[in-house]
Each structure stands twice: as structure tokens, then as C-alpha cells.
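Position 1 is the first residue of the sequence; numbering continues from there.
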Amino acid sequence: SDEKLDLNDSKWEDIHVITGALKMFFRELPEPLFTYNHFNDFVNAIKQEPRQRVHAVKDLIKQLPKPNQDTMQLLFRHLKRVVENGERNRMTYQSVAIVFGPTLLKPEKETGNIAVHTVYQNQIVELILLELNSIFGR
């Protein structure tokens, strides 16, 4: 909304509130950050041989709309910083991927493969975090 936020207000001290708001923002977009029409392409990319995965994911990201690419780069750079502070916040690459994978990347219609999709969603997010500089440059 258009209301002004005072991030110094005590109601924002709980990091879970801010993280929840961030996840809700991405969950409520009309289409996920990784667009519906690319879901299967990303899943197929993560299934490739390890050496080919990064290149395939990078190529797919370049096919997304420019606002999605820009948002994705900003979000993943932030999430990488979260992981880099893992000693304090106990967030690993895997845990961040578990939290954000299904929010950022999902099929338009859920099939009976929800558990399988979740594994791929998490692997894709984790790969991007691990290979951030290869995918987005410095």
C-alpha cells in the first residue's frame, strides 16, 4: 500500500515479520517471479548434468521479462547475504531454498507431483544462490 513505513517502529523488530512480508509479496504476485511458462524449462535445466545446469539456468533467466530478471538479481543477492550470515541466523543455502523455492517457482496448475516439484524448486533456488556470480555477474 501507499502508507509510509517506519522501520524503526518496534513492530518490525521481529525478523520473521519482515521475512513473512517478503514471502507474501512474492506469493501474491499474479505470476511467480520464475514465470509459469518457464516452470518446466527450469525443472528440465536442474535435471541436466551438473556442469550444464548453471548455463541452462542462466539462459532461462535471460528469457524472463526484464523486471523479473532485475528483481530476481536483487532478491538473490540479498538472500546470499542472509546465507553469508548463517552463523548468526542459522540459515544455510538449503534452508533459504526450502523457504523461498515454492514461493518463487511453481507450476500454473498443481499436479500430483507436488513433492517432486518441491525438490526441484528448492534445487533451482539453491543452485542460483551457490552460482550467483556465474549467473548474474559481479
Side-chain angles (χ1 to χ4, degrees):
S1 71
D2 291 331
E3 89 181 68
K4 295 273 184 181
L5 292 178
D6 177 9
L7 293 178
N8 292 319
D9 187 318
S10 63
K11 70 180 178 183
W12 300 109
E13 287 179 7
D14 183 357
I15 192 67
H16 300 290
V17 172
I18 295 172
T19 303
L22 181 63
K23 280 181 49 185
M24 187 183 333
F25 170 80
F26 285 107
R27 186 173 34 250
E28 292 186 0
L29 288 173
E31 185 165 24
L33 195 58
F34 293 75
T35 58
Y36 289 129
N37 62 329
H38 284 89
F39 177 79
N40 289 325
D41 297 328
F42 278 102
V43 168
N44 290 331
I46 203 68
K47 289 179 181 179
Q48 292 184 22
E49 294 295 320
R51 291 189 312 241
Q52 298 170 330
R53 289 179 191 159
V54 174
H55 183 70
V57 167
K58 182 177 181 175
D59 285 348
L60 286 169
I61 290 172
K62 288 180 181 179
Q63 293 176 31
L64 295 172
K66 183 76 167 113
N68 293 49
Q69 292 177 43
D70 293 344
T71 302
M72 191 177 292
Q73 183 173 173
L74 187 72
L75 174 64
F76 276 89
R77 289 195 186 286
H78 169 71
L79 294 176
K80 176 86 171 189
R81 283 193 303 273
V82 169
V83 172
E84 288 170 350
N85 287 286
E87 285 186 26
R88 290 196 334 239
N89 61 31
R90 294 179 287 185
M91 294 299 287
T92 64
Y93 288 103
Q94 188 176 30
S95 58
V96 169
I98 288 168
V99 169
F100 281 92
T103 300
L104 301 175
L105 178 76
K106 56 190 170 200
E108 190 163 11
K109 292 188 170 111
E110 279 296 345
T111 62
N113 298 332
I114 294 171
V116 173
H117 285 167
T118 301
V119 170
Y120 293 133
Q121 291 160 324
N122 298 349
Q123 288 176 350
I124 292 162
V125 169
E126 187 172 354
L127 176 76
I128 295 171
L129 286 168
L130 288 166
E131 299 292 340
L132 188 72
N133 289 332
S134 299
I135 291 172
F136 291 111
R138 295 209 175 252

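Checking side-chain atoms of S95 against main-chain N and O of T92 turns up a donor-acceptor pair under 3.5 Å. R27 places no side-chain N or O within 3.5 Å of a backbone atom of T103 that could act as its donor or acceptor partner. K23 places no side-chain N or O within 3.5 Å of a backbone atom of F100 that could act as its donor or acceptor partner. Checking side-chain atoms of Q69 against main-chain N and O of L64 turns up a donor-acceptor pair under 3.5 Å. Not one N or O on the side chain of Q48 forms a donor-acceptor pair closer than 3.5 Å with the backbone of R53. No donor-acceptor pair closer than 3.5 Å links the side chain of Q94 to the backbone N or O of E126.
From L29, atom CG reaches atom CE of M24 across 12.0 Å, with rounding to the nearest 0.5 Å. In this structure, CD1 on I135 lies 11.5 Å from NE2 on H55, to the nearest 0.5 angstrom. Annotation: the span from Q63 atom CD to K58 atom NZ amounts to 13.5 Å, rounded to 0.5 Å.
Between Q121 and F39 there is a side-chain heavy-atom pair separated by less than 4.5 Å. Residues L104 and P32 form no side-chain contact, since every pair of their non-hydrogen atoms from C-beta on lies 4.5 Å or further apart. Contact check for L105 versus V43: no side-chain heavy atoms found under the 4.5 Å cut-off.
Applying the ring pair (Phe, Tyr, Trp, His ring centres under 6.0 Å) criterion to F42, with sequence neighbours excluded, gives F34. In this view, K66 and D70 satisfy the side chain to side chain donor-acceptor pair (under 3.5 Å) rule, not counting sequence neighbours.
No path of Ile, Leu, Val, Met, Phe, Trp and Tyr side chains, each step under 4.5 Å between heavy atoms, connects I124 with I98, placing them in separate hydrophobic clusters.
Across all their heavy atoms, Y120 and K47 have their closest contact at OH-CE, 3.2 Å. When all heavy atoms of A45 and V57 are compared, the pair lying nearest together is CB-CG2, 4.0 Å.
Checking D41, N40, T35 one by one against H38, the side-chain hydrogen bond (donor to acceptor under 3.5 Å, both in side chains) holds for a single residue, T35.
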Show me the donor-acceptor pairs within less than 3.5 Å that the side chains of residues 74-85 make with the rest of the protein, sequence neighbours left out.
from: R77; atom 1: NE; to: Q73; atom 2: OE1; distance (Å): 3.3
from: R77; atom 1: NH2; to: Q73; atom 2: OE1; distance (Å): 3.2
from: R77; atom 1: NH2; to: G137; atom 2: O; distance (Å): 2.6
from: K80; atom 1: NZ; to: Y93; atom 2: OH; distance (Å): 2.9
from: K80; atom 1: NZ; to: L129; atom 2: O; distance (Å): 3.2
from: N85; atom 1: ND2; to: R81; atom 2: O; distance (Å): 2.8

*Step-by-step side-chain contact (heavy atoms from CB on, under 4.5 Å) determination, M91 to V99*: CA-CA 10 Å; M91 294 299 287; V99 169; 4.2 Å; yes
